[in-house]
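This report concerns only the one structure given below.
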Amino acid sequence: MTEKIDPEHQEQHIVGPPVYLTIVITLLVLTAVTTGVAFIDLGVFNPIIALAIACFKASLVVLFFMHIKYSSRLLKMTVLCGLFTFMLLMTLTMTDYISRAWGMW
Amino acid sequence: MDSHSVATAPGELVGGVDPHSHPSFLRHHFESVGQQREAASFGMWIFLLTEVMFFGGMFCAYLIFRNWYHPAFVAGSNTLDITLGTTNTAVLIGSSFTMAMAVYSAEMRRRSQLILFLTLTIVLGFAFLGIKAVEYHQKFVDHHIPGPNFSIQEFVHPSNPHAIPLSPDMAQKTQIYFSLYFAMTGMHALHMIIGISLLFFMVWRASQNAYTEGHIMPVENFGLYWHFVDIVWIFLFPLLYLISRYR
Amino acid sequence: MSTIISLPDQATARLPRKSFLNEEYGIKSWLLTGDHKRIAILYLVSITFFFVIGGALAGLIRMELLTPPSDLMATDTYNKVFSMHGIIMIFLFLVPSVPATIGNFLIPLMVGARDLAFPKINLLSWYLYMAGGLIIFAAMVLGGVDSGWTFTTPLSTHYLNTHVTTAAIGIFLAGFSSIFTGLNFIVTVHRMRCPGMTWFRLPLFVWSHYATSIIMILGTPVLAITLVLVALERTLDIGVFDPSKGGDPLLFQHLFWFYSHPAVYIMILPGMAVISEVISTFSRKRVFGYTAVAFSSVAIAVFGFLVWEHHMFIMGVSQYSALVFSLLTMLVAVPSAIKIFNWTMTLYRGSITFETPMLYAFGFMGLFTIGGLTGVFLATLGMDVHLTETYFIVAHFHFVMVGGMLMAYLAGIHFWWPKMTGRMYPEAISKVSAIVTFIGFIVTFFPQFLLGYLGMPRRYASYPADFQVLNVFSTAGATILGIGYLLPMLYLPWSLVYGAIAGDNPWQATGLEWQIQSPPLTVNFVEIPVMDHEAYDYEWLANKTVHEVQTVG
C-alpha cells in the first residue's frame, strides 16, 4: 500500500448551506415527532422508538454536520471504533446485571 | 498564499514542501498543509472518541438503574418540564446549524459571515444554558437535588392528580434518577460552557482574519466538538425527559 | 538466519557539535519546549522522582511486614502507605513509564517524522501529568489516602475521612495526560510516517505503542467519569454507588475495572515493545513472525477490554457472567504466548550477545512468563476464590508489572541511553545491576506466591507468626531489589559526564533512529528519510554505505 492510493487520505469536500438547511429542518421535525410519540402509550416500543429516532438524528449530525459522509475511511472507522467500544462497555456489563439473579429465586 | 492550499490534492501530501505554498500557519514538523489538516481532524476525532467513552460510563449507569427502578424513573422524568426540554433541544440543534454554517463561511473565506455565525452560536449556547438554569432552579425549589435536602414528598403524595404515587421505598430511588439527571446534564452543560468560552476566543481571532485565509482547521475542529455536544443532548433528551410521558 | 555484524569502534566517535540538548539553553527552553525529545527527558526526570517515592513506600511496607505484629506503624498508617504506593506506582509510574519517555522520544524517530503530530498537546500532557502528580503528592503529604488504589465504594465514598477526592482529581488529570499521549501517538503513526514507511515496515515498538494508545484513549475516560462520580458522591452525596440509596457499588467496580484492567495492558504492551527491539538487535536477526507479533499487540489491546470482570469474581457478580469472563480471560494468554514464542524463536540461531539491555530482556521473558501463567490460575473461577485477595495475587501482578514492565523499562533506558544522551552507560556495573535486580526480584516476590497459596491475605499490617520466614525472605529480597534500582540511578547520571562517547549506532541496530546522530538534532532528520527496506533488515544495514539515510548537520 503506497501513500498515493492510501484510502486514509481524501480530498477536502465543502458542504453547502442547502444540505445543512435540509438536515436542520429534519432534525427539528424529528424532535417534534419524538416528543409527540412519547405521549402515546406504545408499551415497550416507546423507549425503542425514542432511541431509534435519537440514533437517526445523531447519525444525521455525524454524517452531514460533522462531514463523515465525505471523510476518509479512516475517520469512518474511528467513529465505528468508538461505537464498538461503547457497546462493549454496555453489553459486557449487562451480562452481569441480566444474569445476576438467575437461579436465585 | 494561494487558493489551492485549502483544497489539497492527495498527491501533495506525499512529496516535499512545495516552495510556492508555505503559509505561515504550517508548522515546521508537517510536510504540507494537507498533512497538517488531516492530522488535526483525525486528532479531534480521537479526542471525541474519548468523550464518547467519558459519557458512556454515565449512560451505562443510566441503563442499569432505569431497569432496576423503572417506576421511580418514570415519576422523576415526569416532573421535568417538557416544554423547556423540547425548546432546549431545538435551540441546541439550531446552534449546531449555525456552527456548521460558520465552518462553511470559513471555507468560503467570508469574514463577516463567519463572525456572524459564531456569534449566533454563542447566543444560542447561552439560550440553552439559560433555559437549563431555569430548570435547575425549579428542581432546587422542589427539593429534587440529590443530597441531604432531597425530598420524596412529591412522589409519595403527588400534587398532580394523574400521577401514580410511589411507595416510600421506590420514591427514595428517584434520588438515583436525579443524581444521573444532574450528573449527565451537568457534565453536558460543562462542555457547553467550555465550548462557549472557546467560541468567544474564536470570534476574536476571526475578527483578526485568522480563519479566512485558508487556516480553517480550528473552526472545523471546534465545529466537531460542538456537534458532538449536540449529539450527547440528542440522546439525553429522550432518555431523561421522555420516559412514559403518556401517564 | 542472523547476519554477523561487528560493533563499531567507539574510540573514534565524537559528540555532534549540535544536538537537541544544546540547541537552546536555560530552564525556559525546557519548560516551553515543543520538542518531543526534550519532553521525553522532562518525563524521564519526573517519573523517576515519583518512582523513588513509590519505591520508598514499598520499602516501608516490606519493613512493616518483617515481623508478624504491626509494630513499625499503626494499621491505618499501613493502609495509607500501601494505598499511596499503589496510586503512585500505577498512575504516576507504570502507565506513563515507557510510552511517555522512551515512546515519546522514539516514535517520531522510528516513523521518520520531525516531531509528534501535536507538540503543544504533548507538552500539555506533561504539565497535566505534573499537576496530577503534585496533587497526588499533596494528598499524600496532607495525610494520605487509605482506600487502596482501587477506591472501592462505598468504602471510599462514605467511610473514609482521608483525601480521596484530592487523589481522585490528581488521577483524573494524570489520566488526561495519558489520553493526550495516546492521541498524539495514534495520529503520528497514521499521519506522519515518512515515504516508504508502510504499516508492515514499522518497527514492532511502534505497533505495540499503537495498541497501547488505543487502550489509553478508549479506557481512560471511563476511569475519569468514574472518579468524577466518586468525587460527586463524596461532596454532593449523589448516591449512584451508595447501596443505602439504591445505588450499586458493583457498578463502580465494573466502570473502574473497565479502565483498570486494560490499564495493565497499557503498562505491559510498551514493555513488550522494548523487548521486541532489544531481542532483535542483540540476536542480529529479524523478529521471528513479525506480523504475528504486530497483530498480537493489537489483539491484546482488544481482548483487554473483554476481561475486566475477573477482578470481581468474588464480589457477587453473576456466576454465568463470571464464566464468560473467565473464558475470555484465558484468551488473553494466547497473544501473550505468541509474543514469548516469537521472541524465543528470534533468539534461536541468532548471534546473541549479552549486553545489559539483553540481560534485562531475558529477565523480562522469564518473569513475565511466570507472571502470565499464574494469571491463568487466577482466571480459573475455582482457583480464584481461593487465591484472590491473598499474596498470590500480589506476587502475580508484581511479576508482570515489576518483573515484566520495570525490567523492560530498564532494558529500554539502557538500550536507548546512547541515543538519548550520546554517551554509553558503564557496561560492567550495569550488568551487575541487571543481575542484582533479577535476583532481588525473585527473592522478593517468589515467596509471596507461597504465602498467598498458604492463605496470607493482602492489605494487612500484621500476620500469623507461621508466615514470618517467607516474609523475611521477601523483605531481604526487597533490599537487594532496592540496590538493583539504586545503581542505575547513580551510574546513569554519572555517565552523562564520564561515559564513553557512543557514536551514531553503537549496537548496529536497524531502526531509523539509529541511522541519525546521537543525540539527534532538534529536527530529527535533515532530510525526511525514505524507507526502502523492511524493519530489522540486518542485510540492509551491512550494505548500508550505499544507501546512506541521512547526512549529519
Side-chain angles (χ1 to χ4, degrees), chain A residues 2-6 8-17 19-21 23-25 27-28 30-32 34-35 37-42 46-47 49-51 53-55 57-59 61-62 64-68 71-72 74-75 78-79 81-83 85-87 89-90 93-94 97-98, chain B residues 6-11 13-14 34-35 37-38 41-42 45-46 48-53 55-57 59-60 63-64 66-68 82 85-86 89-90 93-94 96-97 99-101 103-104 107-108 220 223-224 226-228 230-232 234-239 241-247:
Chain A
T2 65
E3 289 281 341
K4 283 205 170 157
I5 54 162
D6 195 334
E8 288 179 10
H9 302 288
Q10 198 157 341
E11 203 168 338
Q12 190 60 31
H13 188 287
I14 296 182
V15 187
V19 178
Y20 289 146
L21 257 179
I23 298 302
V24 77
I25 290 168
L27 289 174
L28 290 175
L30 284 172
T31 306
T34 192
T35 313
V37 167
F39 285 96
I40 306 166
D41 187 352
L42 296 171
N46 271 94
I49 290 176
L51 271 182
I53 293 179
C55 289
K57 281 163 76 181
S59 319
V61 175
V62 169
F64 295 97
F65 281 178
M66 298 167 95
H67 304 161
I68 279 297
S71 299
S72 58
L74 175 69
L75 290 190
T78 310
V79 176
C81 177
L83 282 182
T85 321
F86 176 65
M87 292 317 285
L89 171 66
M90 289 296 212
T93 309
M94 288 322 278
Y97 284 87
I98 288 170
Chain B
V6 182
T8 310
L13 312 175
V14 183
Q35 188 191 30
R37 180 169 168 158
E38 289 192 329
S41 129
F42 184 43
W45 272 102
I46 293 194
L48 293 185
L49 230 59
T50 72
E51 290 277 33
V52 169
M53 295 312 291
F55 281 97
F59 278 105
C60 188
L63 179 64
I64 287 156
R66 176 175 167 152
N67 283 327
W68 278 8
I82 189 143
T86 315
T89 312
I93 288 175
S96 245
F97 172 70
M99 192 60 225
M101 286 305 295
V103 174
Y104 173 74
E107 279 167 338
M108 291 289 118
E220 207 174 53
L224 293 179
W226 194 259
H227 297 313
F228 170 78
D230 186 25
I231 289 176
V232 172
I234 284 177
F235 281 101
L236 287 183
F237 174 63
L239 292 180
Y241 286 77
L242 299 181
I243 313 177
S244 303
R245 273 284 167 180
Y246 47 82
R247 288 272 178 88

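Side-chain atoms are counted along with the backbone in the values below, which use heavy atoms only and exclude waters and symmetry mates. Remember, it's a predicted structure, so these values are computed and weren't measured experimentally. Naming: A, B, ... by sequence-line order, numbering from 1 per chain.
For a residue to count as touching a neighbouring chain, one of its non-hydrogen atoms must lie under 4.5 Å from one of that chain's; by this rule B/Leu242 touches chain A with backbone and side chain alike. With a 4.5 angstrom heavy-atom cutoff, B/Ile243 does not touch chain A via any of its atoms. In this structure, the portion of B/Val103 lying under 4.5 Å from any heavy atom of chain A is its side chain and not its backbone. Of the atoms belonging to A/Ile68, it is side-chain heavy atoms, and not backbone ones, that fall under 4.5 Å from chain B. Contact of B/Phe228 with chain A is made through backbone and side chain together, with heavy-atom distances under 4.5 Å. Within the 4.5 angstrom heavy-atom criterion, no atom of B/Tyr241 approaches chain A. Heavy atoms of A/Asp41 lying under 4.5 Å from chain B belong to its backbone as well as its side chain. When heavy atoms are compared at a cutoff of 4.5 Å, A/Thr93 approaches chain B solely by way of its side chain, counted from C-beta outward. In this structure, chain A has no heavy atom under 4.5 Å from any part of B/Met99. Neither the backbone nor the side chain of B/Trp226 comes within less than 4.5 Å of any heavy atom of chain A.
Nearest heavy-atom pair, A/Cys81 versus B/Leu49, reported as atom, atom and distance to 0.1 Å: SG-CD2, 4.5 Å. Nearest approach of B/Tyr104 to A/Val15, heavy atoms of both residues: CD1-O, 3.2 Å. When all heavy atoms are compared, the tightest approach of A/Phe86 to B/Gly56 is CE1-CA, 3.3 Å. Residue A/Ala58 comes nearest to B/Ile231 through the heavy atom pair CB-CG2, 3.8 Å, listed as atom of the first residue, atom of the second, then distance. Residues B/Leu224 and A/Met66 come closest through the heavy atom pair O-CE, 3.3 Å. Of all the heavy atoms in B/Gly57 and A/Leu89, the pair that sits closest is N-CD2, 4.0 Å.
For B/Thr50, the side chain to side chain contact (heavy atoms under 4.5 Å, CB included) partners two or more places apart in sequence, or in a different chain, are B/Phe47, C/Ile179, C/Ile217, C/Pro221. Applying the ring-ring contact (aromatic ring centres under 6.0 Å, His included) test to A/Phe65 and every residue at least two apart in sequence or in another chain returns A/Tyr20, B/His227.
Residue B/Arg245 holds its CZ atom at 9.5 Å from OG1 of A/Thr35, rounded to the nearest 0.5 Å. Here the CG atom belonging to A/Leu74 is positioned 4.0 Å from the CZ atom belonging to B/Phe42, to the nearest 0.5 angstrom.
Of the listed residues (A/Ile25, A/Val24, A/Val61, A/Leu30), just one forms a side chain to side chain contact (heavy atoms under 4.5 Å, CB included) with B/Ile93, and that residue is A/Val24.
No more than 12 heavy-atom neighbours from other residues, nucleotides or ligands sit within 6.0 angstrom of CE on A/Met87.
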Problem - Test log, rule side chain to side chain contact (heavy atoms under 4.5 Å, CB included), inputs B/Tyr246 and A/Ile40 - result: CA-CA 6 Å; B/Tyr246 47 82; A/Ile40 306 166; 6.0 Å; no
